[in-house]
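Structure, as structure tokens:
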Amino acid sequence: MYANPNSIINPSLWPNGPAPGCFFNFPGANVTSTSSSSGIITRTQSPVTTGTSILGLVFDGGVMLAGDMLGSYGSMAKFRSIERTIKVNNSTVLGATGDIADFQHLKAIIEQKVIDEDCADDGFTLKPKALHTWLTRVLYNRRSKFDPLWNTFLVAGIEDGEPYLGCVDKIGTAFSDSKIATGYGAHIALPLMREGLEKKPQMTQEEARALLINCLRVLFYRDCRALNKHQIATITKEGVTIENNIELDTNWEVANFVIGYE
């Protein structure tokens, strides 16, 4: 709406400004950040910076999560110190595959939930099953809006003295198991984990760690989005321990025998 020429306000002070008591329609005010110039609402179709597999394994007295620290910018290994396994509290750990930006967004929300729990000071903390259930609702809600968070999450922890390991993907599909692998690891590492548990159903902490390290080494050999720098999180009744920047020994001598790809 334009200025009233009969107004006592000098129009030259605000050319094309609003008349007294009226609102000014700023250019572009009706275009939101999620809309294109044509007014069409757009959604993320493919993540930009992503992380690959996260592995989870239950052992006698606890549970472990493991994954590399690479953030792939398309096919480029750009960010080499991304923490995709984070401590939620003294009984819960969260691991993420997929879009790093979506993971960091949800990480900030979870950290605020933990702060709110601490401020309440009512003796209750965020437990792994509660976090897993909350994630299923959040991811299913975003999927229902056709604007999903492009992640698959693993939730590991100790609840009521028992280890817990759960998974939820970007459309809200959720389950729990004693061994879970996301991303490319679901095809390469999970059969190795199943074989290890068939041979030794009640693994010790050292045996579980050795199995996960072997799986991480195979993934580094086979997954072109993997990196030879890893995190391993261990959750027991004593608390949470996260080892960062673990570099595994590898052997590429067999590469001299690979021909036909020059």
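FYI, the numbering just counts along the sequence from 1.
- Within a 6.0 Å radius of NZ in Lys179, more than 12 heavy atoms belonging to other residues, nucleotides or ligands are found.
- A salt bridge is defined here as a Lys NZ or Arg NE, NH1 or NH2 lying under 4.0 Å from an Asp or Glu carboxylate O, and Glu117 with Lys113 fails to meet this definition.
- When side chains are defined from C-beta on, Met76 counts as touching Lys78, because their heavy atoms get closer than 4.5 Å.
- The environment of NZ in Lys237 is sparse: at most 12 heavy-atom neighbours from other residues, nucleotides or ligands sit within 6.0 Å.
- The environment of CZ in Phe220 is crowded: more than 12 heavy-atom neighbours from other residues, nucleotides or ligands sit within 6.0 Å.
- Here the rule is side chain to side chain contact (heavy atoms under 4.5 Å, CB included) with Leu65, and of Leu212, Leu165, Ile242 only Leu165 fits it.
- Within 6.0 Å of CG in Asp249 there are 12 or fewer heavy atoms belonging to other residues, nucleotides or ligands.
- Between Asp68 and Arg84 there is a salt bridge, since at least one side-chain N of the basic residue sits less than 4.0 Å from a carboxylate O of the acidic one.
- A continuous path of ILVMFWY side-chain contacts below 4.5 Å connects Leu192 to Ile232, so both sit in one hydrophobic cluster.
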Report all side-chain donor-acceptor pairs from residues 51-59 shorter than 3.5 Å, counting only partners two or more places apart or in another chain.
| from | atom 1 | to | atom 2 | distance (Å) |
| --- | --- | --- | --- | --- |
| Thr52 | OG1 | Asp223 | OD2 | 2.6 |
| Ser53 | OG | Thr182 | O | 3.2 |
| Ser53 | OG | Tyr184 | N | 3.3 |
| Ser53 | OG | Gly185 | N | 2.7 |

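- Checking Gln231 against Asn244 by side-chain atom types alone, a donor-acceptor pair falls below 3.5 Å.
- With hydrogens and angles disregarded, a donor-acceptor distance shorter than 3.5 Å links the side chain of Asp122 to the backbone of Phe124.
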Please walk me through it: do Met203 and Leu211 pass side chain to side chain contact (heavy atoms under 4.5 Å, CB included)? CA-CA 10 Å; Met203 285 190 174; Leu211 176 57; 3.4 Å; yes

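- Not counting sequence neighbours, the partners of Gln112 by the side-chain contact (heavy atoms from CB on, under 4.5 Å) test are Ile115, Asp116.
- For the pairing with Leu94, the side chain to side chain contact (heavy atoms under 4.5 Å, CB included) check across Leu106, Leu135, Leu154 returns one residue only, Leu135.
- By the side chain to side chain donor-acceptor pair (under 3.5 Å) test, His132 is found to be paired with Tyr164, residues two or more places apart in sequence or in another chain being considered.
- The local environment of OH in Tyr73 is sparse, with at most 12 non-hydrogen atoms from other residues, nucleotides or ligands closer than 6.0 Å.
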